[in-house]
Amino acid sequence: MQMSRLFAPTLKESPQEAEIVSHSLMLRAGLIRQVSAGVYTFLPLGLRTLDKITNIVREEMNRAGGQELLMPALHPADLWKETGRWQVYGPELIRFKDRRERDFCLGPTHEEVITDLARKEIRSYRQLPLLLYQIQTKFRDEIRPRFGIMRAREFLMKDLYSFDRDVEGLKESYEKMYRAYCRVFERCGLEYKAVPAESGVIGGDVSHEFLILAESGEEKLMVCQSCSYGTTREEEVCPQCQTHLEEKKGIEVGHIFQLGTKYSEPMKAYFLDRDGKEKPLVMGCYGIGIGRTMAAAIEANHDDKGIRWPVSIAPYEVAVIPVNSKKESHREQAEKVYRALLEQGFEAVIDDREASAGYKFNEADLIGFPFQVIVGEKAEKGGMLEIKIRRNGERIEVSQEGVIQLLRELKKNHGETREP
RNA sequence: CGGGGCGUAGCGCAGCCUGGUUAGCGCACCUGCCUUGGGAGCAGGGGGUCGGCCGUUCAAGUCGGCUCGCCCCGACCA
């Protein structure tokens, strides 16, 4: 992509509505624009990152045996009345009537719709266990949308539902998802913690929250330094290894629940078990806020210059920057490197604009390309290029011939994408 | 929903208290020259229903009422 063509309207100053860093940087780097309170447009760069996270989530859900489907956002009230949530859910549920005066709502979550599907299609224990998921836009009329896309009224979420014949099976599915979640956040390059949680409106017994550790996080948690233990409760000492717990803050990006038969019973989602008896499906549900993860990633990865994307979720991996676009040698060499990068499968942009070097550097830092290939004076004389690593500010000189190889290595070292 | 704050050019702001030429500044944008290793410089230029409605007044960005929108703090959540 040529920066001269890229639709990424950046801002030098922070708009006054943005209170937290991620919101401000998403606006400034041209990732999102607000349409209404809690309602946003994702611009090309923002969408690329959103897609990267989505794809990591999709890969890990598939790896764990999940099958993707897509449910409607539009729900008939009847389903919600069956579980009683039409009454219970409150004004957060966006309700309306169609032209025939029938009640509808926009789906804030999909237990009702998936359970309806399950009861119609699952007959036998032979079809179990079953893991179904979707990545879809959810609607919640939040009392107070906040912090940009951190708490939006319309947002992208992955929700997976597990169906098992008994509690034992549920526990296995739950374990599987727990591990899949760990892989998702690791691959996104994020420091996270899973902690036992209250299950809230969704219902059910056991549940865990997944939190991205960030200073600006709204949730307090206690973290053990020597093992992976984390909790939201006040405990002073780790029950697993007796080490002193440290207080941290986190942003909730995922939540997994063991639902049991909370939805299958009232909706009569039964299957025939091996013993010939009809039993309710034992369910679990597992959510990840995709946009929220994106915002949390920025909260956890930024400096005063801008975003420092982990490679795996950066909108582009490399920016090629000719210091002076008017100098033919800069331009030509930059072009050459850029084309080579594309050929080698890198996601790259070239800053072909006739802006000052400082302007281009600052903008590259703001957007947060993990690697910048700078083509300047040294390239004119000895053909040496410079690679700047956004994460730590390190600069490495490299010959034109060595640039691809070096970037490959850097990507491997700095890429948190842990391929199994 | 309760409490607080803000709406003046794309963004950031001044002007409002104490009403009075043509509503101003910085950045961004357009043209030209010049410049290019950390958001350059000079010259010229475009862009405003001062959120909206009603009122007070000879006169309203400025005063009063209503209204809409947005942000922040609280209960809730991915």
Side-chain angles (χ1 to χ4, degrees), chain A residues 9-20 23-24 27-28 30 33-39 53 57 88-93 107-110 135-160 181 184-185 197-202 207-212 218-219 250-257 285-296 304-306 321-327 330-331 351 353-367 372 374-380 385-386 388 393 395:
Chain A
T10 57
L11 305 169
K12 203 165 173 179
E13 288 167 290
S14 177
Q16 48 133 238
E17 76 250 26
E19 195 73 10
I20 62 166
H23 188 195
S24 170
L27 291 168
R28 291 221 292 130
R33 283 295 181 267
Q34 186 180 61
V35 174
S36 178
V39 181
I53 297 171
V57 169
V88 177
Y89 213 91
E92 207 172 295
L93 188 64
T109 176
H110 284 242
I135 295 164
Q136 194 230 24
T137 301
K138 298 280 190 268
F139 298 85
R140 295 184 190 173
D141 194 359
E142 290 286 345
I143 298 169
R144 185 153 85 86
R146 235 203 283 217
F147 301 147
I149 65 166
M150 194 71 91
R151 183 183 309 174
R153 293 195 295 172
E154 177 181 326
F155 59 97
L156 196 62
M157 174 170 157
K158 182 283 304 179
D159 46 327
L160 183 144
Y181 272 45
V184 165
F185 298 118
E198 303 294 324
S199 41
V201 228
I202 308 277
S207 110
H208 282 84
E209 284 177 14
F210 282 77
L211 304 160
I212 302 298
E218 288 188 274
E219 290 205 37
I251 299 161
E252 186 188 352
V253 291
H255 206 151
I256 60 179
F257 303 86
C285 76
Y286 315 83
I288 292 179
I290 308 281
R292 186 116 117 196
T293 300
M294 180 171 166
D304 56 341
K305 288 290 208 174
I321 304 175
V323 167
N324 185 344
S325 297
K326 277 204 174 151
K327 282 195 181 163
H330 289 198
R331 217 176 48 229
D351 201 337
R353 296 172 297 182
E354 282 183 12
S356 72
Y359 180 88
K360 291 190 274 194
F361 292 147
N362 279 314
E363 193 153 281
D365 286 347
L366 174 64
I367 293 171
Q372 296 169 21
I374 299 161
V375 182
E377 238 176 82
K378 292 168 219 148
E380 284 175 58
L385 306 175
E386 182 179 315
K388 179 185 161 185
R395 290 162 191 276

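Sequence lines set the chain letters: A, B, ... in the order given, protein chains first and strands last, and positions in each chain run from 1.
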Separation of [X] atom [atom1] from [N] atom [atom2], in whole Å?
| X | N | atom1 | atom2 | value |
| --- | --- | --- | --- | --- |
| A:Arg353 | B:G38 | CZ | P | 17 Å |
| A:Gln16 | B:C11 | CD | C1' | 10 Å |
| A:His255 | B:A78 | NE2 | P | 6 Å |
| A:Glu142 | B:C73 | CD | P | 14 Å |
| A:His23 | B:C71 | NE2 | C1' | 9 Å |
| A:Glu252 | B:C76 | CD | C1' | 11 Å |
| A:Glu19 | B:C70 | CD | C1' | 13 Å |
| A:Lys12 | B:C29 | NZ | P | 10 Å |

Close side-chain approach of A:Phe185 to A:Thr293, heavy-atom, < 4.5 Å = yes

inquiry  = Within the structure provided, determine whether A:Val57 and A:Ile290 are in side-chain contact (heavy-atom separation under 4.5 Å).
reply    = yes

Is it the case that [N] (base atoms only) and [X] (side chain only) share a donor and an acceptor within less than 3.5 Å, ignoring hydrogens and angles?
| X | N | result |
| --- | --- | --- |
| A:Glu363 | B:G39 | yes |
| A:Arg28 | B:G12 | no |
| A:Lys327 | B:U36 | no |

Checking all strands, does [X] fall into the base, sugar-phosphate, or nothing category for heavy-atom contacts under 4.0 angstrom?
| X | result |
| --- | --- |
| A:Ala357 | base |
| A:Lys158 | nothing |
| A:Gly254 | sugar-phosphate |
| A:Lys305 | base |
| A:Arg153 | nothing |
| A:Leu156 | nothing |
| A:Ser36 | sugar-phosphate |
| A:Ile288 | nothing |
| A:Leu27 | nothing |
| A:Phe147 | sugar-phosphate |

Provide the distance between the two [atom1] atoms, one in [N] and one in [M], to the nearest whole Å.
| N | M | atom1 | value |
| --- | --- | --- | --- |
| B:C16 | B:C6 | P | 15 Å |
| B:G48 | B:C11 | P | 14 Å |
| B:U62 | B:G2 | P | 27 Å |
| B:C71 | B:U8 | P | 14 Å |
| B:A59 | B:G19 | C1' | 8 Å |
| B:G45 | B:G51 | P | 28 Å |
| B:G32 | B:C72 | P | 43 Å |
| B:G64 | B:U18 | P | 10 Å |

Please determine whether a side-chain nitrogen or oxygen atom of [X] lies at a distance below 4.0 Å from atom OP1 or OP2 of [N].
| X | N | value |
| --- | --- | --- |
| A:Ser14 | B:C11 | no |
| A:Arg144 | B:C73 | yes |
| A:Gln34 | B:C70 | no |
| A:Ser356 | B:U36 | no |
| A:Arg146 | B:C73 | yes |

query = Using 4.0 Å as the upper bound for N to carboxylate O, is an ion pair formed by A:Glu380 and A:Lys327?
reply = yes

Backbone of A:Arg151 reached by a side-chain donor or acceptor of A:Arg146 within 3.5 Å = no

request  = Please confirm whether the backbone N or O of A:Glu354 pairs with a side-chain atom of A:Tyr359, one donor and one acceptor, at under 3.5 Å?
outcome  = no

Under a 3.5 Å cut-off for both distances, is [N] Watson-Crick or wobble paired, and to whom?
| N | result |
| --- | --- |
| B:G69 | B:C6 |
| B:G20 | B:C58 |
| B:A28 | none |
| B:A75 | none |
| B:U36 | none |

key: Side-chain donor-acceptor pair present, A:Glu377, A:His330, cut-off under 3.5 Å   = no

Select one nucleotide: of [options], the one nearest the side-chain heavy atoms of [X].
| X | options | answer |
| --- | --- | --- |
| A:Pro15 | B:G38, B:C71, B:C11 | B:C11 |
| A:Lys326 | B:A78, B:U35, B:G37 | B:U35 |
| A:Ala37 | B:C70, B:C11, B:G38 | B:C70 |
| A:Glu17 | B:A75, B:C77, B:G12 | B:G12 |
| A:Arg140 | B:C77, B:G12, B:C70 | B:C77 |

ask   = Crowded around A:Glu92 CD? As in, over 12 foreign heavy atoms under 6.0 Å?
value = yes

message = Return whichever of A:Arg151 or A:Tyr359 has its heavy-atom-nearest nucleotide of RNA chain B closer to the 5' end.
response = A:Tyr359

remark   = Closest to the 5' end of RNA chain B, once A:Ala18 and A:Ser325 are matched to their nearest nucleotides, is A:Ser325

Just how far is it from atom [atom1] of [X] to atom [atom2] of [Y], taken to the nearest 0.5 Å?
| X | Y | atom1 | atom2 | answer |
| --- | --- | --- | --- | --- |
| A:Lys360 | A:Gln372 | NZ | CD | 11.5 Å |
| A:Glu363 | A:Ile321 | CD | CD1 | 9.5 Å |
| A:Ile149 | A:Phe155 | CD1 | CZ | 11.5 Å |

query = Can A:Phe155 be classed as stacking with the base of B:A78, given a centroid separation cut-off of 5.5 Å and a plane angle cut-off of 30°?
reply = yes

